[in-house]
Amino acid sequence: MTEALNPAQRQAVEHGPGPILVIAGAGTGKTRTLVCRLAYLMGRGVAPENILLLTFTRKAAEEMISRATSIVGDDTGRLTGGTFHSVANILLRRYARHLGYEPGFVISDRGDAEGIVNLLRSSLSLGGHGRRFPSRRMVINVISRAVNRCVPIGAVLEEQYSHLLEFQGDIESLARHYQAFKREHQLMDYDDLLVNFRDLLRDHPGPCREIRERFVHVLVDEYQDTNPVQAEIVRLIAVPGNNVMVVGDDAQSIYSFRGADFRNIIQFPDLFPGTVVVRLEENYRSTQNILDLGNAIIAHAGEGFKKRLFTSIGEGDKPLLHPLSNEAVQARYVAGEIKKLLDRGDSAAEIAVLFRSGFHSYKLEIELASLGIVFEKRGGMKLLESAHIKDVVSYFRLLINPHDSLSWNRLLLMLPKLGPKTAAKIVQAARDSDDPFSALEEYPAPASWGEGLRELVLLFQGIRGGAMTPAAVFGAVMEVYRPRLEILYADDYPRRLRDLEQLDILLGGYADIPSFLDDIALDPPEADGFADGAAGGSVILSTIHSAKGLEWDNVFVINLAEGRFPSTRSGFGPELEEERRLFYVAVTRARKRVFLTYPREVKGYGGFDGGGPSPFVTQLPHDVVRVAGLRPVPVYGGGDDFRVSSPTSAGGGFAVGDRVKHPFFALGTVIGKTGKSKVVVAFDRHGNKELHLDYARLERA
DNA sequence: TTCTAGCTATTTTTT
DNA sequence: ATAGCTAGAA
């Protein structure tokens, strides 16, 4: 074994038969442990095809398998690894018929789901009569949550969406029709992949036996982010031999919004009696100062496995907290610091900027670009969410599944003079026919859009039959689509054309269309050029969710401001706790340096949207961060933001000797005045600071 | 039935 | 700021 292990890791790696739960704090060598476990099993003669490795991303699985392979030798291949969804996809293709599906079913994404709900809503004429019907997005969220949590829709509404309770009947009916629509059109959404996989194992003894015989050893990474359906899948596969290892950290559970329940990991020993629990607490990633910050963040959390990370790496630099006056200044500051790091010789690949939501980095992206710093953005908008990509993908989907009404609808609506009503009629005709292509050919069309329809039919006649490579199909499709693109998106079609060129390159790597379609649904490429570290390392801008499991020397966490992080959309209690864990995940990505920033004011859609330090920041003990110089920068926008200026600054101010309270610096005494609205305060635990009363939220204590 | 101009609510996070 | 939606014109 080439990778060194500590005793706890070794215990996990060399565990014999039976269930084992590994509680692995951030940076404690979780991946190394899993890799060695794989290698250990293979070294003990377990055939790779008898191992199933379930991970959070496909990339993680590939990396672990290749590292394990390099330890054991060339015993590669046959090991099955990937996300729950991708493994479910593979097995469901094989056993589809047991569930009443064809093996050629198509995976539908969120956009499809919204399209279906739209169609159904109008065909069921819901929302037409008076009341404001919940948005399709909401409807999808409710349905998905009910499925993933294995609870009825009514329960989800009561628990999370009580304001939609009056629509319960309509949503339930919509949900039933949605299920029926997917079956009729050979579609499976993300939830179906899991649920159908679970049903296959639970209700179909033949396939279940084969799958169990195949996967004698099951390993699951990031178990804290599994939902009840996934937990059931693991149980159903692993239960006869109980050779199951799950690894995770309840403190890093950040996916409850898609049904994950961190209690899964806490209850694992109950599910598998005799579970051996191993805790990994020695951190090999971060300096002690960073861990102190992480421990301080998570100290406020309620239930969970108690653990305290420690390291022998050394103290390192203290995390820096830098308040900035607004987002533009924040962006300039962060870009400037990144420049300094780069000039100093740090590798771009060792710098990451993390934030709560995709759009939080817009200003920074502009700033970095103007400094000529190359970056790669993770999370946020995906390539296939853009309209032009969906357009092109629709052609491909119809080749595989000619009954895909959604795609027909999409293509037909691109034709001028052809609107939703006509499209619906044509789609109906296509659906009722055994051969939708010839149904279209025969459809009585008026001159206005008949030409467009004929063109479409002609195109499909050319590319049908499955003899062409995906790249060749793309070429033929573009002949027809390109003129349409130029009309449809007259203002910015060159940009979209560039995306399509990227798609063309991507397609070059595929031998067949079905695997291309599966991949764009299950492993979607990112929006901006989907470079995958192309430049041999660039600065990473990422949502915290997408940064899970990764690490860098230097980590910036920006927009730690009220109203941004925690997001205003998140509520109290458990939701707030999850936001806190998110903050924990963010800072524990860092090896050497952490920079925390927040703008004192944030502009939202209309006026001001919040700003000032996040409660997570103000709750930190004073000694875990170093606060950067508090020199106020002029406020832009000015105006009537009552949250930024303290009530006292308007009414005359403070006198020397007053006891005051600051949201971050806590208690102090005013020891001097240096201007008409500036005071010097001696803080009990932070020393002297000069504060501008227009900006600092200072209160009388 | 389609198109368009103006209105509105909207902004987590992802397989 | 923007996309998605509604109401009214063509």
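For the numbers below, each heavy atom of this structure counts, side chains included, while hydrogens, waters and symmetry mates do not. Each chain gets a letter, A, B and so on, in the order its sequence line appears, and its residues count up from 1. Quick caveat: nothing in here was measured; it's all calculated off a predicted structure.
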Student: How far apart are the C-alpha atoms of A:K377 and A:S361, what are their side-chain angles, what is the distance that settles it, and do they pass the side chain to side chain donor-acceptor pair (under 3.5 Å) test?
Tutor: CA-CA 9 Å; A:K377 172 136 182 212; A:S361 67; 3.1 Å; yes
Student: Are there any protein N/O atoms within less than 3.5 Å of an N/O atom in nucleotides 7-10 of chain C, and if so, which ones and at what distance?
Tutor:
none

Student: Thinking salt bridges, do A:R121 and A:E114 make one under a 4.0 Å N-O criterion?
Tutor: no
Student: Using nucleotides 2-6 of chain B, report all nitrogen or oxygen pairs with the protein that are shorter than 3.5 Å.
Tutor:
unit_1, atom_1, unit_2, atom_2, d
B:dT2, OP1, A:G419, N, 2.4
B:dT2, OP1, A:G419, O, 3.4
B:dT2, OP1, A:T422, OG1, 2.5
B:dT2, OP2, A:P420, N, 3.4
B:dT2, OP2, A:K421, N, 3.3
B:dT2, O5', A:G419, N, 3.2
B:dC3, OP1, A:K417, N, 2.9

Student: Got a sec, which residues hit side chain to side chain donor-acceptor pair (under 3.5 Å) with A:Y178, two or more places apart in sequence or on another chain?
Tutor: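 If we apply the side chain to side chain donor-acceptor pair (under 3.5 Å) test to A:Y178, skipping adjacent residues, the hits are A:D189.
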Student: Using a 4.5 Å cut-off on heavy atoms from C-beta on, say whether the side chain of A:V587 contacts that of A:L596.
Tutor: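 With C-beta onward as the side chain, the pair touches.
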Student: For nucleotides 13-15 of chain B, which of its nitrogen or oxygen atoms have a protein nitrogen or oxygen under 3.5 Å away, and what is each distance?
Tutor:
unit_1, atom_1, unit_2, atom_2, d
B:dT13, OP1, A:G358, N, 2.5
B:dT13, O2, A:R356, NH2, 3.0
B:dT14, OP1, A:T543, OG1, 3.1
B:dT14, OP1, A:S546, OG, 2.9
B:dT15, O4', A:R258, NH1, 3.3
B:dT15, O3', A:H85, ND1, 3.3
B:dT15, O2, A:H85, NE2, 3.2

Student: CG of A:N559 versus P of B:dT11: gap in Å, rounded?
Tutor: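 Rounded to the whole Å, the gap is 19 Å.
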Student: Sequence neighbours excluded, which residues qualify as side chain to side chain contact (heavy atoms under 4.5 Å, CB included) partners of A:T543?
Tutor: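 With neighbours one apart ignored, the set is A:F355, A:H545, A:S546.
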Student: Looking at residues at least two apart in the chain, or sitting in another chain, which of them share a side chain to side chain contact (heavy atoms under 4.5 Å, CB included) with A:I90?
Tutor: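 Residues passing side chain to side chain contact (heavy atoms under 4.5 Å, CB included) with A:I90: none at all.
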Student: A:Y481 ring centre to A:R484 NZ or CZ under 6.0 Å, with the angle to the axis within 45°?
Tutor: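 No, A:R484 does not sit over the ring of A:Y481.
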Student: Taking the C1' atom of each, how far is C:dT6 from B:dT11, in whole Å?
Tutor: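 Rounded to whole Å, the distance is 22 Å.
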